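Just below is one structure, and these are the notes that go with it.
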Amino acid sequence: MKEQNKNSAAVSELNVVPFKTRMRPYLIVAPALIITIGIMIPFVMSIYFSLTSYSFRMPTYSFIGLKNWITILTSSGFWKSVWVTLRYAFFSTVLEMGIGLGIAMLLNNLENRFSKILRVVLIFPLMVAPITATIIWQLMLNNSVGIVEKFLNFFGVYNFPWAASASTAMMTVVMIDIWVNTSFCMLLVLAGLQSLPKSPFESAKIDGGSAWFNFRNLTLPMLKPSLYIALLFRLMAALQEYAIIFGLTKGGPGDTLMNLSLTSYQTGFQFQKFGFALPYILVLWVFINIVAKQIVKRQRTAQKLASGQDE
């Protein structure tokens, strides 16, 4: 009887999980939980303060419900800022993706010393802060001493308005954004190209497939996951762009470039209407959340198709 008790006690001791082992899952999850809490606290507070009359000018504030939201959603200025945000995001993202894809395809097909030097040169804009790049471009586009203006003079173009005109301001900020961020798209696409298997392209070459056939039927379908990742990061950043527009024109001329980010900043910090500014940011968050979910969904589908799995 005593031996049976000893055996059962020994077995129970073996079945006891050590404290460190039991705590390991909680320790693994803890950083993510802390980050989530850190994100949710200001998010919930921003929703609450968007329903108040909170202002930096007044020590007290009151709960006003949906008054801020109704005022903003029924104002023409809000919808214009939405239109500016969407236009800027569309033009900058489409052009950066197209140019980045073209450069990545070119570099992927070149294996010499020049291509290696060119890769380093093309990465250089990523090392420059957007606000610094904007100041550099301001000097380059200056009608008096700018190198771009001097170059246009050779073709008979003088005093091009650039950011000084409402008709060309959007083009100017998109051009600067392209110079700063195309390298990012190029790097992601180039990494995707270099990870593609070689055997399908060798088989297509033996069968006499053209370059366009290979790109449309082999390269593009297998490259879609990488393209969606580049699209996700660039589109999210373009929707909330602040530094380039603020550094170049502060939203001008007039309100030509007042997107949601700049409008929220101006309302909250310049006019000191903090509660009135928060709905702009929350609407922007809704846009980004919807776009990100759709792109991630398509990226997963493309990943499955590229790996030969059914949807």
Side-chain angles (χ1 to χ4, degrees), residues 32 88-130 132-133 136-137 174-241 243-244 288 291-311:
Y88 180 87
F90 174 79
F91 287 121
S92 60
T93 304
V94 168
L95 292 173
E96 287 164 14
M97 290 292 296
I99 298 172
L101 175 61
I103 297 175
M105 293 287 295
L106 178 63
L107 293 178
N108 188 56
N109 294 326
L110 293 176
E111 292 296 338
N112 51 38
R113 185 176 299 178
F114 173 74
S115 66
K116 295 179 180 179
I117 296 174
L118 190 59
R119 292 181 190 186
V120 176
V121 173
L122 291 173
I123 294 173
F124 175 75
L126 286 178
M127 305 177 189
V128 182
T132 305
I136 293 172
W137 274 92
V174 169
M175 180 179 65
I176 297 174
D177 195 309
I178 290 172
W179 185 84
V180 173
N181 295 307
T182 297
S183 300
F184 177 79
C185 297
M186 181 267 294
L187 283 175
L188 290 180
V189 176
L190 183 60
L193 286 170
Q194 294 181 344
S195 67
L196 298 181
K198 305 296 182 183
S199 54
F201 298 95
E202 293 173 354
S203 301
K205 186 176 181 180
I206 295 174
D207 295 336
S210 63
W212 172 246
F213 176 86
N214 292 343
F215 174 76
R216 186 184 64 181
N217 296 283
L218 296 177
T219 304
L220 192 58
M222 291 189 291
L223 190 62
K224 276 186 178 181
S226 298
L227 291 174
Y228 278 124
I229 292 174
L231 177 63
L232 174 65
F233 283 106
R234 278 309 313 140
L235 188 56
M236 289 175 62
L239 284 170
Q240 54 188 321
E241 182 58 53
I244 294 176
I288 294 174
V291 169
K293 283 186 175 180
Q294 292 299 318
I295 295 176
V296 169
K297 181 179 178 182
R298 293 176 181 273
Q299 193 272 341
R300 289 177 178 175
T301 302
Q303 186 70 48
K304 289 181 181 180
L305 294 175
S307 60
Q309 302 177 16
D310 295 331
E311 289 191 41

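Keep in mind the model is a prediction, meaning the values are calculated, not measured. Numbers for residues simply follow the sequence, beginning at 1.
Annotation: side chain of Ile288 is in contact with side chain of Gln240 (closest heavy-atom distance under 4.5 Å). Residues Val128 and Val180 form no side-chain contact, since every pair of their non-hydrogen atoms from C-beta on lies 4.5 Å or further apart. Within the 4.5 Å cutoff, the side chain of Leu107 has no heavy atoms near those of the Gln194 side chain.
Atoms CZ and CD1, on Phe233 and Ile295 in that order, are 10.5 Å from each other to the nearest 0.5 Å. Of the inter-residue distances, the one linking Phe215 atom CZ with Leu101 atom CG reads 5.0 Å to the nearest 0.5 angstrom. Taking OH from Tyr228 and CD from Gln294, the interatomic distance works out to 10.5 Å, rounded to the nearest 0.5 Å. Interatomic distance, Asn214 CG to Leu218 CG, rounded to the nearest 0.5 Å: 5.5 Å. Between the CD1 atom of Ile123 and the CG atom of Leu118 there is a distance of 10.0 Å, given to the nearest 0.5 Å. For the atom pair CE of Met97 and CD1 of Ile178, the computed distance is 13.0 Å after rounding to the nearest 0.5 Å.
The salt bridge (charged side-chain N to carboxylate O under 4.0 Å, His left out) test applied to Glu241 returns no partner, not counting sequence neighbours.
Minimum interatomic distance between Trp179 and Ala133 (heavy atoms only, all atoms of both residues): CZ3-CB, 3.7 Å. The minimum heavy-atom distance linking Ala238 with Ala89 is given by the pair CB-CA, 3.7 Å. The two atoms that bring Glu96 and Cys185 nearest to each other are O-CB, 3.9 Å, heavy atoms only.
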- Message: As a quick check of understanding, evaluate side chain to side chain contact (heavy atoms under 4.5 Å, CB included) for Val291 and Met236, giving each step before the final call.
- Response: CA-CA 8 Å; Val291 169; Met236 289 175 62; 5.7 Å; no
- Task: Take Thr219 and Met105 through the test side chain to side chain contact (heavy atoms under 4.5 Å, CB included) and record every step on the way to the result.
- Result: CA-CA 10 Å; Thr219 304; Met105 293 287 295; 4.2 Å; yes
- Give the C-alpha distance, both sets of side-chain angles, the deciding distance and a yes or no for side chain to side chain contact (heavy atoms under 4.5 Å, CB included) between Tyr88 and Ile244. CA-CA 11 Å; Tyr88 180 87; Ile244 294 176; 4.1 Å; yes
- Leu227 vs Leu220, side chain to side chain contact (heavy atoms under 4.5 Å, CB included): CA-CA, chis, key distance, verdict: CA-CA 9 Å; Leu227 291 174; Leu220 192 58; 3.7 Å; yes
Less than 3.5 Å apart, which donor and acceptor atoms pair up between the side chains of residues 186-193 and the rest of the protein, not counting sequence neighbours?
none

